[in-house]
Amino acid sequence: MGNQPLDAVTVEVVRAALNAAAERMRITMIKTAYNHIISESLDFGCAIFDPDVQMIAQGIGLPVFQGHLGFPIQATLADRGLAAFREGDVFMHNDPYAGNGNHLNDVAMYAPVFWEGQLTGFVSVKAHWSDVGGPVPSSMQIGSREFRQEGLRFQSVRLFDRGECNEEVMRMIRGNIRTESGTLKDIQAMIAVCRAGEAYFREILAKYGRDTVLESTRVYLEQSERRTRAELARIPAGTYRAVAHFDNDGITLDQPVRIEMAITLDDGAGFPPGRPTMTVDFTGSSPQVVGPFNCGDAITISACRLLIKCLSTPLTPVDEGCFRPLQVIIPERSVLNCQEPAPTARYYVPINLLIDLGLRALSEAMPDRIPAGSYGDQMPTIAFGTHPETGRLFIQGDLNAGGTGGRPAYDGESAMIIFAGSTARNNPVEVVESRTPSIRILRYGLRPDSGGAGRFRGGLGIERLYEFLAPAFITFSLERKVTPPWGLRGGRDGAVNGVEITAPDGAVRHVRKATQHPIAAGERVRIMTGGGGGYGPPAERDPEAVRRDVREGYVSGEAARRDYGADAAAGA
């Protein structure tokens with residue numbers, strides 16, 4: 001079939017086959033991973049690339065990894081050259097300053113795909129390792145001041161050499177991570193994904209031929225570009241600005257960190273007339289900070305790619321063509337483009353803020369589509385201690401959902417993971433308790449009154465109450481106190497995130513950012529996530545909607561009377 005004529009049907013068949021292959025890689029990851037941050041929370045992504053490292057297919061993965069997995073491959077090409085890739089090789093990479101951008105825990109693994117002796121593309125997977133070394137279990141501390149305090153850095157490391165595993169590299173990894181974390185098992189899962197991806201890609205090459213596959217990908221990348229430009233053309237041209245802050249860097253606690261962005265949409269700048277472009281400029285954002293709330297440019301670009309995909313063609317497959325109209329300008333040595341040795345363990349805090357802020361900037365240009373502010377931060381909660389039955393270390397990580405903003409015609413969504421990780425899932429109570437018998441979850445439900453009041457109410461956050469049956473430690477950070485989830489068009493702000501720790505004697509303490517915070521046996525930790533901002537004036541909310549909220553427990557009677565008036569709340 002390698003000589004069949006190239007037509008529209010062939011292009012779509014090849015496109016569907018490659019996306020199905022990427023989805024099969026995703027399923028392989030879910031079925032073989034050990035840690036539930038991967039298998040349950042889905043903190044990973046898979047993709048397929050052509051020989052020029054243009055993404056031609058991607059499985060449904062962590063949204064902030066959309067269009068991101070090619071950067072580590074490009075970093076290896078820049079570092080080692082194309083000749084470094086041989087058949088059977090597998091590389092891994094997590095350098096925050098070149099090709100990765102996020103924390104050291106997010107490790108990319110990728111392999112070249114050869115067909116009849118020719119390099120034909122690459123397959124790649126990136127997943128969160130539950131431990132990558134460093135001074136604390138999980139490697140996710142709040143107080144780090146440089147990347148060396150956060151674990152191992154891999155710079156284009158060859159894990160497999162022509163099909164043979166480099167045991168010296170594995171020996172080094174085993175000697176520096178906490179093997180109880182299960183990371184070694186997840187490494188094997190990632191290797192399996194790479195090998196499966198190679199096999200799936202070769203099946204397609206065998207069926208349709210190398211030339212047909214690569215020409216088809218060239219055609220549909222151009223189609224994606226045209227569709228994206230056409231949708232951008234619907235947004236009024238101009239420059240749209242917004243500024244917000246996240247609370248602090250975990251060390252300099254009294255100093256909020258500024259994120260400033262300007263989004264320019266035009267119909268020309270460097271392109272033929274009629275071909276709109278989108279430029280995102282972060283000039284004015286804070287310099288890189290002392291604590292671990294920095295990120296590298298690669299993940300900042302990825303966040304902007306997520307933004308343009310949401311605004312243009314959210315329902316079509318993701319490929320490199322979707323991002324060709326995008327230009328990103330990031331000042332060097334800024335919090336969004338940090339340089340060595342800046343720490344990056346909590347990179348997702350500025351990333352989540354900038355995505356939300358990008359929507360806010362465009363709210364005037366797209367008033368019928370943009371929601372109010374969200375709860376702002378998935379607040380990973382990482383508990384660790386000694387397993388009461390085995391005596392070995394356990395690491396339990398949870399992502400925390402919250403409320404999204406009210407929308408122009410609908411209420412916000414409740415209990416959703418924030419944009420950058422929105423395909424991630426919470427860990428079921430049964431999974432947590434079966435793997436960590438010293439933890440009980442006493443309550444897990446929506447947090448009443450957390451959504452901002454408005455014509456359309458903000459979504460609700462959640463409340464999760466843990467009881468620790470044995471001493472342990474917990475690491476967490478809370479955000480959006482300085483810049484709460486904002487309302488739009490007269491809507492009110494949503495509630496902010498919080499943690500409440502209660503001792504057996506009833507004493508209560510509140511902590512917003514902490515590494516290895518000690519938890520005594522019998523103590524309870526209450527995680528409360530924020531709600532979304534409201535949209536439109538509360539006085540314009542349908543009284544029946546207010547009464548329904550009260551009946552269903554989303555809004556208390558007191559809050560309903562305060563925010564919407566006694567008449568609206570009457571009869572609830």
Assess whether side chain to side chain donor-acceptor pair (under 3.5 Å) is satisfied between Lys309 and Thr228, documenting all intermediate values. CA-CA 8 Å; Lys309 186 63 177 170; Thr228 301; 5.9 Å; no
When Ile330 is tested against each of Asp297, Thr283, Asp281 for side-chain contact (heavy atoms from CB on, under 4.5 Å), which residue passes? Asp297
Indicate whether the side chain of Ser41 and that of Asp43 have a donor and an acceptor atom separated by less than 3.5 Å. no
Compare all side-chain heavy atoms of His128 with those of Leu62 and state whether any distance is below 4.5 angstrom. no
State, with a plain yes or no, whether a side-chain heavy atom of Cys295 is found less than 4.5 Å away from one of Leu336. yes
Between Arg178 and Val136, is there a donor-acceptor pair closer than 3.5 Å when you use the side chain of the first and the backbone of the second? yes
Going by an N to O cut-off under 4.0 Å, is there a salt bridge joining Glu320 and Arg324? no
Quick check against the 3.5 Å criterion: does Gln149 have a side-chain atom that pairs as donor or acceptor with the backbone of Pro343? no
Are Tyr110 and Phe49 close enough, and set up right, to give a ring pair (Phe, Tyr, Trp, His ring centres under 6.0 Å), and what steps lead you there? CA-CA 10 Å; Tyr110 41 96; Phe49 300 85; 9.1 Å; no
Do Asn166 and Asp161 have side-chain N/O donor and acceptor atoms under 3.5 Å apart? no
Interatomic distance, CZ@Phe91 vs CG@Asp89, rounded to 0.5 Å, equals 5.0 Å
I'd like to know if Arg148 pairs up with Glu146 as an ion pair, taking the criterion as any Lys NZ or Arg NE/NH1/NH2 lying under 4.0 Å from an Asp or Glu carboxylate oxygen. yes
Does any N or O in the side chain of Tyr375 come within less than 3.5 Å of the main-chain N or O of Ala415, such that one atom is a donor and the other an acceptor? no
Roughly how far, to the nearest 0.5 Å, is the CZ atom of Phe473 from the OG1 atom of Thr386? 8.5 Å
NZ of Lys31 to CE of Met29, rounded to nearest 0.5 Å, is 13.0 Å
Among residues two or more places apart or on two chains, list those pairs meeting ring-ring contact (aromatic ring centres under 6.0 Å, His included) that have a residue in residues 153-184. Trp129-Phe154
Between Glu150 and Arg346, is there a side-chain N and carboxylate O pair less than 4.0 Å apart? no
Asn400 side chain to Thr381 side chain, donor-acceptor N/O pair below 3.5 angstrom: yes
Without hydrogens or angle criteria, can the side chains of Asp398 and Asn427 be said to hold a donor-acceptor pair below 3.5 Å? yes
Run the salt-bridge test on Arg158 and Glu168 with the 4.0 Å N-O cut-off and return the result as yes or no. no
Under 3.5 Å donor-acceptor, Gln58 side chain and Ala22 backbone: no
Under-4.0 Å salt bridge between Glu222 and Arg218: yes
In plain terms, say whether Arg435 and Glu40 are close enough for a salt bridge, that is, a side-chain N and a carboxylate O under 4.0 Å apart. no
Distance col, row Phe246:CZ vs Asn352:CG, nearest 0.5 angstrom, shows 11.0 Å
Would you say Cys310 and Leu306 make side-chain contact, with heavy atoms under 4.5 Å? yes
Is there a side-chain contact between Arg480 and Ser374, using heavy atoms and a 4.5 Å cut-off? yes
Counting neighbours of CZ on Arg145 that are heavy atoms of other residues, nucleotides or ligands and sit closer than 6.0 Å, is the number greater than 12? no
When you measure from the side chain of Arg195 to the backbone N and O of Gly88, does any donor-acceptor pair fall under 3.5 Å? yes
What's the verdict on side-chain contact (heavy atoms from CB on, under 4.5 Å) for Val123 and Tyr200, showing C-alpha distance, side-chain angles and the deciding distance? CA-CA 10 Å; Val123 294; Tyr200 301 149; over 6 Å; no
Would you give the length of the straight line joining atom OG of Ser181 to atom CD1 of Ile395, rounded to the nearest 0.5 angstrom? 5.0 Å
If we count only N and O atoms by modelled type, under 3.5 Å, do the side chains of Asp131 and Thr183 hold a donor and an acceptor together? no
Answer whether the closest heavy-atom distance between the side chains of Glu12 and Gln223 falls below 4.5 Å. yes
Looking at Leu119 and Phe114, what are the two nearest heavy atoms and their distance? N-CD2, 3.5 Å
With side-chain contact (heavy atoms from CB on, under 4.5 Å) as the criterion, how do Ile462 and Tyr444 come out once you've worked through the C-alpha distance, each side chain's angles and the decisive distance to 0.1 Å? CA-CA 7 Å; Ile462 61 101; Tyr444 187 18; 3.9 Å; yes
For the residue pair Gln155 and Asp95, confirm or rule out a side-chain donor-acceptor distance under 3.5 Å. yes
Stepwise side-chain contact (heavy atoms from CB on, under 4.5 Å) test for Ser224 and Thr313: CA-CA 9 Å; Ser224 293; Thr313 56; over 6 Å; no
For the side chain of Asn94 and the backbone of Asp106, is there at least one donor-acceptor N/O pair under 3.5 Å apart? no
Find out whether Leu77 and Leu82 are in side-chain contact, i.e. whether some heavy atom of one side chain is under 4.5 Å from a heavy atom of the other. yes
Any side-chain donor near an acceptor of the partner, Thr120 and Arg210, under 3.5 Å: yes
CG (Asn337) and CD1 (Ile299) are apart, to the nearest 0.5 Å, by 13.0 Å
Heavy-atom side-chain proximity of Phe201 to Ile56 below 4.5 angstrom: yes
Which atom names give the shortest non-hydrogen contact between Gly99 and Ala75, and what distance separates them? CA-CB, 4.1 Å
Counting only N and O atoms by type, is there a donor-acceptor contact under 3.5 Å from the side chain of Arg26 to the main-chain atoms of Gly59? no
Given 3.5 Å as the limit, does a donor-acceptor pair link the side chain of Thr529 with the main chain of Ala401, or not? yes
For the residue pair Ile351 and Ile355, establish whether any side-chain heavy-atom pair is separated by less than 4.5 Å. yes
May I ask you to decide if Gly133's main-chain N or O and Ser139's side chain share a donor-acceptor pair within less than 3.5 Å? yes
Say whether Lys185 and Thr32, considering side chains only, have a donor N or O and an acceptor N or O under 3.5 Å apart. no
Should the ring pair Phe71 and His68 be called parallel, tilted or perpendicular, given that the plane angle runs from 0 to 90° and is split at 30 and 60? perpendicular
Tell me whether Lys126 contacts the main-chain N or O of Met109 through its side chain, where contact means a donor paired with an acceptor under 3.5 Å. no
